[in-house]
Structures are given as structure tokens and as C-alpha cells.
Amino acid sequence: MLQVAFIRENKEDIIARLAKRNIDATEMINNAIAFDEERKALQTSLDNTKAESNALSKEIGNLFKSGEVQKANLLKEKTTQLKEVTKNFEQELNNKVEALAELLYKIPNVPNPIVPAGNTDEDNEETFREGDIPKLHDTALPHWELAKKYNIIDFELGNKITGAGFPVYIGKGARLQRALIAYFLDKNTEAGYTEYQVPHLVNEASGFGTGQLPDKEGQMYHVTLDNLYLIPTAEVPATNIFRDTLLNESDLPISITGYTPCFRREAGSYGAHVRGLNRLHQFDKVEILRVEHPDNSYKALDSMVNHVKGILQDLKLPYRILRLCGGDLGFTSALTYDFEVFSTAQDRWLEVSSVSNFETFQANRLKLRFKNGDGKNELCHTLNGSSLALPRILAGILENYQTEDGIKIPEALIPYTGFDMIP
RNA sequence: GGAGAAAUGGCAGAGUGGUCGAAUGCGGCAGUCUUGAAAACUGUUGAGGGUCACACCUCCGGGGGUUCGAAUCCCUCUUUCUCCGCCA
């Protein structure tokens, strides 16, 4: 959520930058400013009425004390009238505040100036590419065939137990999952991220805190009996650690990592591009998250990007980095880098990580602030990224590391798997 | 799940209808003293709205109510603690 003061002061610039998302925000921005003006006027009227009422109440108290009951009763009538006025102002003010909030919820974050213009993923800008694409043997298979051949993932069994998109990992497949999680967490903690284990269900307030609610509730599984939501990403519980928090400047930066399963309804997706592990309703992911001083957040973003790079180099997977264009940029993000691994048997790139700087957009909604050098409270910057998401990494490993004798395990993982081949 | 108690500023903890945005202690910050530090002393120290700055308004777990007036009384929800029950 953008701050109204920020909107007021940078109106033209914000409209121009939001145009990169292919939206004309002129009306929304103008309305936000106008609503806020109206809000202020109502607040002032209400405050003045209350001030008058408060003064009278005090006077009544004094009159009662000095025994001037008649005079007091006269004033009482006046306050009763003021009460009515107060009520009306309060009602109007609430409506205005709500209207303003609803409007602000609808305005996406302002893209960083280096975000390329564009509509679709085709306009994303490749900023880096590394790793050799392996030459596979003639009978190379896509990962869903490999999963069946080596009996390491059973999609049909998942269908039976739950439904599509809930695979069952078996034997070395299960062990490989566990190995990846442990390996990612180790890499992250070595880099200074503190490991957290967070709840996999969150309440409504947390959903609002990170922006899944009120608009995107269709993406989450909802446990209606207890009014809880299954997390679509660790970002939700991990970021909400900092909801309503006032930090000291010396607390920054904060770096945390955590593994969670992620649950996504993915309503409306279908077809070949969601086959196998490409898109699931339940999957595992290790997330990294930072809370930063505003002056340092872009340096932090670079360091996160480098960190993820290091892991993909370690795994010796061919990958590229994309700077997302305005049309592809997430609602809350100011700048996002996507990592894609090349899946050789499918002959396509698979997104395995998305690293973003949200600047103050999340912090504003979360009320995540720090006390700066002048003793003033300032919003923090938040960033997060996957480090990494498992299924597509697994798909990449299965496909790129397949040989006629079986699937080799990347060297970096062998200490975690305890085997070097899935025969 | 049942019974009881509680929720106040960064923390601890007073406050049962007006003089309370809230005593006191600790912590934080600034200063005095000191070569420096500690101790001691003095001052200062919650958040949001609003203002050029004041004024003013709101906030004592959340929501609602009683009252001219609520941290204080009532209702309700949430959370915590104690006891009982159940249980990996």
C-alpha cells in the first residue's frame, strides 16, 4: 500500500511510473488525494466537536462539585446535542477512511525506474545467463516420465489421496526432496540468514498484512471453520512476524530464512504447461526474507540475487536471470528478478525463484517501522525471494542430469542424499 | 472441552467514574561530574491524526454499550495463566 503523503508529493512521477504496468492511474491517484483531503476536513470537524464536548464535560464536573446542579443540567442538554453531531461526523469519517483504504489497496507498487516497459513475459529483460545446456541422449524423457520410470514420484497416487497437483514422493525421490530442503537451508544460514519455522496456517490479519486479502483470497485454501488460510508461501507468515513492529535502527538489517510447504489453489490453470511438477497445489519452498534500511535495500536485493546465483552454480544447472517488465511485475513489487532453469527435455525455461524489493509497500500495510537517527519513525524496506522452490529445481535436475543408466545427483547434494545416482 | 484469574507505555508495575496519556522503578537518550569510564545527580523519553509551529483529537488486548464524562462500570470476542479433562 502506498502512503498518501508520498502520492501527494510525487503525483506526476507516480502516474508516469505506473504507466509501465500498462495502467492509467491518473484517476485513482487524483481520487486518493481528494479522498484524503476530505478525510482530513471531516477529522478536523469531528475533533473540534469533540473538543467542545470535552470542555463542557469538564465544566459539568466542576459545577456538580460546587453544587450548581441546575447549571450543570443545562450544559448536559448541550452535550447531548453535540453527541448527535459527533455520531454523524464519525459515520462520515469512517466511510471516507474506508473508501480511501479500498482505493489504496487497488493501487499497485510504483515500479523502479529500471523496470522495462512491456506487457507480457516476452518483454522481460534477460540480465544474465550461465551454465551449459547438457546434450541429452536420444531417449531422454521429460521429468514426469522419469518420475514414473524410476518410481520416485507418483502423481496418480496423489490424485487418489487428494487430487491433481498433490504428488507423492517415494523412496529416493522423497529423500531428494528432504536433501534439497536441508541443502538450501544450510546455504542460506551460511550466508547469514536466521532459520525460522513458521506456522503453515495464518489468520485473516496476516492475510491482510501481506496483501493476499482482501482481493486474492481465491488463491488460498481457506479453512472456514476456524477462519484460517493455508499459506501460499512462507512470505506470509514470515513477513507477518514484523506486523505492527517498531524496530531500532540498530536492529537492521534482518535476514531470515525458512522452509514451508506452500498451498495454492491455482484456479483456472490447465494444459501441458502445468504438467508434472511444473505447477502444483502443494509444493515445498525455502524462502529468504530481509528487512532493510531504505538506503540499503537495493544493495540487499543485489546480494540476494547473487546468493541465489551461487546456489544454481553449485547445482550446475543452466539458468538465466530476468528483470521483470512492468506488465509482469507483481502487484506489491518495485523491482523483481526471476530465475529460470532450463529444462532440457521440455526445451523450456522454468521459473525457480523470484527475488523482489517491495520498498515500503508491504511495510506501510504492516506498520513495520524503525526509529531513525532523528528519533522519527520511518518505514522499513522489505525484500524476499525463493532460495529455492523445490519442484522445478527437481524437474531441472531430473531432466538435465539424466543418463541412460539413471539420474545422476549433483555433487553438492550427495552429502545430503547419501547416494549419487537414481538407477 | 469444563472451571477460575488476568490483559495498562520498550520492560516491570500502580491506578475502580472527572484533577489520568496515565504514579513509581528499570531500560533508552542528553547533560553535570571525570583524563576516560562506572557510580551519583539533573533533565528528557509511547503511538497515530492534525498544524508552518502550537492548539486540538484518538489510543490503557479487539469490538460494542452505559454515562454530561470510562483505563476504571456492563456485554462480547481474542489471548495468557492456574486447575480439571483429552492427547502426539
Side-chain angles (χ1 to χ4, degrees), chain A residues 1-9 32-104 197-209 213-214 223-229 237 240-252 254 291 360 362-380:
Chain A
M1 190 164 74
L2 296 175
Q3 299 163 90
V4 183
F6 174 71
I7 293 177
R8 206 184 307 122
E9 282 156 32
I33 295 170
F35 281 17
D36 191 51
E37 289 299 324
E38 289 162 34
R39 194 213 95 232
K40 274 193 216 174
L42 283 168
Q43 182 79 59
T44 305
S45 304
L46 175 65
D47 286 357
N48 289 340
T49 313
K50 278 189 170 170
E52 199 179 330
S53 191
N54 286 345
L56 284 174
S57 289
K58 226 172 228 178
E59 212 177 323
I60 290 169
N62 289 333
L63 287 174
F64 271 125
K65 236 177 235 170
S66 57
E68 299 173 78
V69 178
Q70 278 197 343
K71 265 189 184 171
N73 282 334
L74 227 84
L75 289 184
K76 264 198 199 181
E77 273 174 44
K78 217 172 186 176
T79 51
T80 310
Q81 284 169 14
L82 285 178
K83 238 177 155 179
E84 203 54 38
V85 179
T86 306
K87 224 176 181 177
N88 289 337
F89 276 135
E90 258 169 4
Q91 187 65 50
E92 278 183 67
L93 179 64
N94 282 342
N95 291 343
K96 193 53 73 180
V97 167
E98 212 167 287
L100 177 60
E102 253 170 57
L103 181 58
L104 289 175
Q197 278 197 12
V198 292
H200 301 165
L201 281 84
V202 294
N203 59 26
E204 220 167 22
S206 292
F208 273 98
L213 300 174
V223 182
T224 51
L225 192 60
D226 297 294
N227 199 23
L228 297 172
Y229 294 86
N240 274 284
I241 291 171
F242 302 101
R243 172 152 47 86
D244 291 317
T245 302
L246 181 59
L247 299 166
N248 292 315
E249 194 163 4
S250 57
D251 295 333
L252 301 174
I254 294 170
V291 181
T360 60
Q362 283 186 328
N364 187 32
R365 198 152 163 174
L366 288 167
K367 295 204 183 76
L368 166 54
R369 297 151 302 165
F370 69 98
K371 207 169 262 303
N372 69 19
D374 302 329
K376 292 221 166 121
N377 298 333
E378 202 177 325
L379 291 172
C380 301

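Below, chain A is the first sequence line, B the second, and so on; all start at residue 1. Below, each value reflects all heavy atoms present in this structure, side chains not excepted, and no hydrogens, waters or symmetry copies. Just so it is clear, the structure is predicted and the values come from calculations on it, not from any experiment.
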**Student:** Taking pairing as Watson-Crick or G-U wobble with both contacts under 3.5 Å, can you name the mate of rC87(B), or confirm there isn't one?
**Tutor:**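 The answer is none; no pair meets the criterion.
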
**Student:** Are Val202(A) and Asn240(A) packed together at the side-chain level, in the sense that at least one heavy-atom pair is separated by less than 4.5 angstrom?
**Tutor:**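 Sidechains of Asn240(A) and Val202(A): no contact.
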
**Student:** Within the structure shown, what part of the strands sits under 4.0 Å from Leu75(A) by heavy-atom distance: base, sugar-phosphate, or nothing?
**Tutor:**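 Leu75(A): no heavy atom of the nucleic acid under 4.0 Å.
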
**Student:** Give a yes/no on whether any side-chain N or O of Asn377(A) is located under 4.0 angstrom from OP1 or OP2 of rA47(B).
**Tutor:**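 So the side-chain polar atoms of Asn377(A) do come within 4.0 Å of the phosphate oxygens OP1 or OP2 of rA47(B), strictly under.
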
**Student:** Should Arg39(A) and Asp36(A) count as an ion pair when the cut-off is N to O under 4.0 Å?
**Tutor:**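 Answer for the salt bridge query: yes.
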
**Student:** Would you say a side-chain N or O of Lys371(A) is under 4.0 Å from OP1 or OP2 of rA47(B)?
**Tutor:**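 Yes, because at least one side-chain N or O of Lys371(A) sits under 4.0 Å from OP1 or OP2 of rA47(B).
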
**Student:** Please give, in whole Å, the distance from rG50(B) C1' to Glu37(A) CD?
**Tutor:**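 Interatomic distance, CD of Glu37(A) to C1' of rG50(B): 12 Å.
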
**Student:** Provide the Watson-Crick or G-U wobble partner of rU34(B), both distances under 3.5 Å; none if there is no partner.
**Tutor:**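 Because no pair has both required distances under 3.5 Å, rU34(B) counts as unpaired.
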
**Student:** Could you identify the nucleotide paired to rU51(B), looking across every strand shown and requiring Watson-Crick or G-U wobble geometry with both distances under 3.5 Å?
**Tutor:**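 Looking at the geometry, rU51(B) pairs with no nucleotide.
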
**Student:** Looking at rG18(B), does its base get a donor-acceptor pair with the side chain of Asn62(A) below 3.5 Å?
**Tutor:**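 No, the side chain and the base share no sub-3.5 Å donor-acceptor pair.
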
**Student:** Select one nucleotide: of rG18(B), rU51(B), rC57(B), the one nearest the side-chain heavy atoms of Ala51(A).
**Tutor:**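 Of the candidates, rC57(B) comes closest.
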
**Student:** Closer than 4.0 Å, any side-chain N/O of Asn54(A) to the OP1 or OP2 of rU58(B)?
**Tutor:**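 Indeed, a polar side-chain atom of Asn54(A) lies that close.
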
**Student:** Considering Watson-Crick and G-U wobble pairs with both distances under 3.5 Å, what does rG27(B) pair with?
**Tutor:**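 Partner of rG27(B): rU45(B).
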
**Student:** For Gln43(A) and rG50(B), give me the distance from atom CD to atom C1', rounded to whole Å.
**Tutor:**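 These atoms are roughly 8 Å apart.
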
**Student:** Mind checking if Lys78(A) touches a base, just sugar-phosphate, or nothing, with heavy atoms under 4.0 Å?
**Tutor:**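 Nothing, no nucleic acid heavy atom in range.
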
**Student:** Does rG61(B) have a Watson-Crick or wobble mate here (both distances under 3.5 Å), and if so which one?
**Tutor:**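 rC77(B) is the nucleotide pairing with rG61(B).
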
**Student:** Using the C1' atom as the point on both nucleotides, what is the distance between rU76(B) and rC87(B), in whole Å?
**Tutor:**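 After rounding to an integer number of Å, I get 30 Å for this pair.
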
**Student:** Taking only the side-chain heavy atoms of Ser57(A) (C-beta and beyond), determine which of rU58(B), rG48(B), rG18(B) contains the nearest atom.
**Tutor:**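 Closest nucleotide among those given: rG18(B).
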
**Student:** Identify the two heavy atoms, one from Leu379(A) and one from Phe370(A), that lie closest to each other, and give their separation to 0.1 Å.
**Tutor:**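 Shortest heavy-atom contact: O-CE2, 3.6 Å.
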
**Student:** Which heavy atom in Ala32(A) sits nearest to a heavy atom in Ile7(A), and how many Å separate them?
**Tutor:**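 Closest heavy-atom pair between Ala32(A) and Ile7(A): CB-CD1, 4.4 Å.
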
**Student:** Under 4.0 Å between a side-chain N/O of Lys76(A) and OP1 or OP2 of rG69(B), yes or no?
**Tutor:**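 No, outside the criterion.
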
**Student:** Can you tell me the Watson-Crick or wobble partner of rA3(B), both distances under 3.5 angstrom?
**Tutor:**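 Pairing partner: rU82(B).
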
**Student:** Tell me which nucleotide among rC57(B), rC68(B), rU51(B) gets nearest to the side chain of Thr80(A).
**Tutor:**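 Per side-chain heavy atoms of Thr80(A), the pick is rC68(B).
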
**Student:** Now, which nucleotide makes the Watson-Crick or G-U wobble pair with rU19(B), with each of the two distances under 3.5 Å?
**Tutor:**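 Matched rU19(B) with nothing under the 3.5 Å cut-off.
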
**Student:** Where the side chain of Arg369(A) is concerned, which of rA47(B), rC56(B), rG69(B) is the nearest nucleotide?
**Tutor:**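 Nucleotide nearest to Arg369(A)'s side chain: rA47(B).
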
**Student:** Between C1' on rG63(B) and CD on Glu90(A), what's the gap in Å once rounded to a whole number?
**Tutor:**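 From Glu90(A) CD to rG63(B) C1': 14 Å.
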
**Student:** Need the pair for rU67(B). Rule: Watson-Crick or G-U wobble, both distances under 3.5 Å, any strand; none if unpaired.
**Tutor:**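 Across all strands, not a single nucleotide pairs with rU67(B).
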
